[in-house]
Amino acid sequence: MCLIAFAWDNHPKYKLILAANRDEFYERPTSPAGFWDDKPQIFGGRDLKASGTWMGLSKEGRFGALTNYRDLKNIKPDAKSRGDVVTGFLDNNDKPESFVKQLHEQAEAYNGFNLLTCDFKTMIHYSNYERKLNIVKPGIHGLSNALLDTSWPKVDLLKKNFKEVITEEFSHDNLLSVLAPTATFEDEVLPNTGVSRELEKSLSAICIRTEKYGTVGSTVLTVDRFGKVEFTEKTLGVGDREENTVNFEFEIKV
């Protein structure tokens, strides 16, 4: 995932509401969301190149999501796959705090990331750039390729529109709509993340569109206070991908 808005423990019906876009090179192979054959307790999409995931849940009541931290000048070509981090949490029985403390000891083996871990009692944010365990407070939050709730234009806009949607009765289609805008922002409000201004502008859209890289899918997730999961994944028709939307409902322990 590269752009996430979520409400944690801030809604009368839902423990977690999430809307997220995944940005990737169009040619990178991906498995659609579902329960995994080799790890049937894990649900999520899967990166077929490195076998990890950017976001998923487990039947035991665990949720994990990861975004890259944008620092192209410090990319380690031999780094471990960041998708293994989410998989490791979902395939684990440790509490989020314990898992993150162990991850901290080996966090430098990965390129920059943000991680959300949750057992539906506690949610933790950790970045190997900040190197600090943060307990996520109830409320509406946004995460992209900087630290949690960093005020980037697209993060602020998504949080605003997301909040407006969930204040009223809403559907997953309503949440998918806030992930769809492709408009970019003016130069004067863009962050400076070390890439060219032209690329910075392209990456400023909620839904990114460039020739070979951009938003490849949108995900909406709700988990109510009894453990009912409703999950919608929309694959966008970019590169060789065929546009498709799938919906899932299942129960987890909370």
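All values derive from a computational prediction rather than experimental measurement. In this chain, numbering begins with 1 at the start of the sequence shown.
Leu148 places a side-chain heavy atom less than 4.5 Å from the side chain of Val136. Between Ile42 and Leu57, every side-chain heavy-atom pair lies at or beyond the 4.5 Å cut-off. The shortest side-chain heavy-atom distance between Asp91 and Gln41 falls under the 4.5 Å cut-off. Side-chain contact between Ser58 and Phe89: absent, with no pair of heavy atoms (C-beta onward) separated by less than 4.5 Å. Counting heavy atoms from C-beta outward, Leu72 and Val195 have side chains that approach closer than 4.5 Å. Using a 4.5 Å cut-off on side-chain heavy atoms (C-beta onward), Met55 and Arg22 make no contact. Residues Leu158 and Ile4 are not in side-chain contact: their nearest non-hydrogen atoms beyond the backbone lie 4.5 Å or more apart. Counting only heavy atoms from C-beta outward, the side chains of Val155 and Leu143 never approach each other to under 4.5 Å.
Among residues two or more places apart in sequence or in another chain, the ring pair (Phe, Tyr, Trp, His ring centres under 6.0 Å) test is passed with Phe185 by none. Ser51 is linked by a side-chain contact (heavy atoms from CB on, under 4.5 Å) to Arg46, counting only residues two or more places apart in sequence or in another chain. For Phe25, the ring pair (Phe, Tyr, Trp, His ring centres under 6.0 Å) partners are Tyr213, not counting sequence neighbours. Residues forming a salt bridge (charged side-chain N to carboxylate O under 4.0 Å, His left out) with Glu233 (at least two apart in sequence, or on another chain): none. Applying the side chain to side chain donor-acceptor pair (under 3.5 Å) rule to Asn247 yields the partners Thr232; only residues at least two apart in sequence or on another chain are considered. Partners of Phe63 by ring pair (Phe, Tyr, Trp, His ring centres under 6.0 Å), not counting sequence neighbours: none found.
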Side chain to side chain contact (heavy atoms under 4.5 Å, CB included) between Asn114 and Ser144, worked out:
CA-CA 9 Å; Asn114 288 283; Ser144 185; over 6 Å; no
Derivation and outcome, side-chain hydrogen bond (donor to acceptor under 3.5 Å, both in side chains), residues Thr235 and Asn244:
CA-CA 5 Å; Thr235 301; Asn244 185 45; 5.6 Å; no
Apply side chain to side chain contact (heavy atoms under 4.5 Å, CB included) to Tyr26 and Val216, showing your working.
CA-CA 7 Å; Tyr26 302 149; Val216 297; 3.8 Å; yes
Please walk me through it: do Thr222 and Phe170 pass side chain to side chain contact (heavy atoms under 4.5 Å, CB included)?
CA-CA 11 Å; Thr222 53; Phe170 66 92; 4.1 Å; yes
Applying side-chain hydrogen bond (donor to acceptor under 3.5 Å, both in side chains), run through Thr67 and Asn145 and close with a yes or a no.
CA-CA 6 Å; Thr67 70; Asn145 303 114; 4.8 Å; no
Verify ring pair (Phe, Tyr, Trp, His ring centres under 6.0 Å) between Phe250 and Phe35, making sure each step is shown before the conclusion.
CA-CA 11 Å; Phe250 53 93; Phe35 286 101; 5.1 Å; yes
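Nearest heavy atoms, Leu190 versus Ser204: CD2-CB, 3.5 Å. Heavy atoms only, all atoms of each residue included: Ile208 and Ala205 are closest at CG1-O, 3.5 Å. The shortest heavy-atom contact between Tyr110 and Ser81 is CE2-O, 3.4 Å. The minimum heavy-atom distance between Val189 and Pro153, with the atom names listed, is O-CG, 3.2 Å. Smallest separation of non-hydrogen atoms from Ser202 and Thr210: CB-CG2, 3.9 Å. When all heavy atoms are compared, the tightest approach of Arg28 to Arg241 is O-NH2, 2.7 Å.
Side chains of Thr215 and Asp23: a donor on one and an acceptor on the other come within 3.5 Å. Counting only N and O atoms by type, the side chains of Ser151 and Asp156 include a donor and acceptor under 3.5 Å apart.
Evaluation of the salt bridge (charged side-chain N to carboxylate O under 4.0 Å, His left out) test over residues 66-89, restricted to residues two or more places apart or in two chains, returns Arg70-Glu200. Counting only residues at least two apart or on different chains, the salt bridge (charged side-chain N to carboxylate O under 4.0 Å, His left out) pairs with a member in residues 163-183 are Lys160-Glu164. Sorted by first and then second residue, the salt bridge (charged side-chain N to carboxylate O under 4.0 Å, His left out) pairs involving residues 100-118 (not counting sequence neighbours) form an empty list. Applying the salt bridge (charged side-chain N to carboxylate O under 4.0 Å, His left out) test to pairs two or more places apart or on separate chains, those with a residue in residues 52-69 are Glu60-Lys253. Applying the side chain to side chain donor-acceptor pair (under 3.5 Å) test to pairs two or more places apart or on separate chains, none has a residue in residues 176-187.
To the nearest 0.5 angstrom, Phe99 atom CZ is 8.5 Å from Leu90 atom CG. Between the CG atom of Asp119 and the OG1 atom of Thr117 there is a distance of 8.0 Å, given to the nearest 0.5 Å. Leu133 CG to Ser98 OG: the interatomic distance, rounded to the nearest 0.5 Å, is 9.5 Å.
Between the Asn10 side chain and the Ala7 main chain, no donor and acceptor come within less than 3.5 Å of each other. With hydrogens and angles ignored, the 3.5 Å screen pairs no side-chain donor or acceptor of Asn134 with any backbone N or O of Ile124. Side-chain atoms of Asp9 never come within 3.5 Å of backbone atoms of Lys15 as a donor-acceptor pair (strictly under, hydrogens ignored).
Using a 4.5 Å cut-off between side-chain heavy atoms of Ile, Leu, Val, Met, Phe, Trp and Tyr, with links allowed through other members, Phe226 and Phe248 fall into different hydrophobic clusters. Note on Leu221: it does not cluster hydrophobically with Leu115, by side-chain heavy-atom contacts below 4.5 Å among ILVMFWY residues. When hydrophobic clusters are built by joining Ile, Leu, Val, Met, Phe, Trp and Tyr residues whose side-chain heavy atoms come closer than 4.5 Å, directly or via intermediates, Ile166 is grouped together with Leu3. A single hydrophobic cluster is not seen to contain both Ile17 and Val254; linkage of ILVMFWY side chains at heavy-atom distances under 4.5 Å, directly or through other members, places them apart.
Residues Tyr129, Leu147 make up the rest of the hydrophobic cluster containing Tyr69, defined by ILVMFWY side-chain heavy atoms closer than 4.5 Å, directly or through other members.
Heavy atoms of other residues, nucleotides or ligands lying less than 6.0 angstrom from NZ of Lys234 number 12 at most. In this structure, Asp38 places its CG atom where more than 12 heavy-atom neighbours from other residues, nucleotides or ligands lie under 6.0 Å away. Residue Ile75 qualifies as enclosed at atom CD1: its count of foreign heavy atoms under 6.0 Å is above 12.
Electrostatic pairing of Asp224 and Lys13 does not count as a salt bridge here, judged by no charged N lying under 4.0 Å from a carboxylate O. Between Glu27 and Lys212, none of the side-chain N atoms (NZ, or NE/NH1/NH2) sits under 4.0 Å from a carboxylate O, so this pair counts as no salt bridge.
For the ring-ring contact (aromatic ring centres under 6.0 Å, His included) criterion with His141, the lone passing option out of Phe6, Phe162, Trp8 is Phe6.
By the 30° and 60° cut-offs, the orientation of the rings of Tyr126 relative to Phe113 is tilted. Ring orientation note: the planes of His11 and Tyr14 are tilted relative to one another, at an angle of 30° to 60°.
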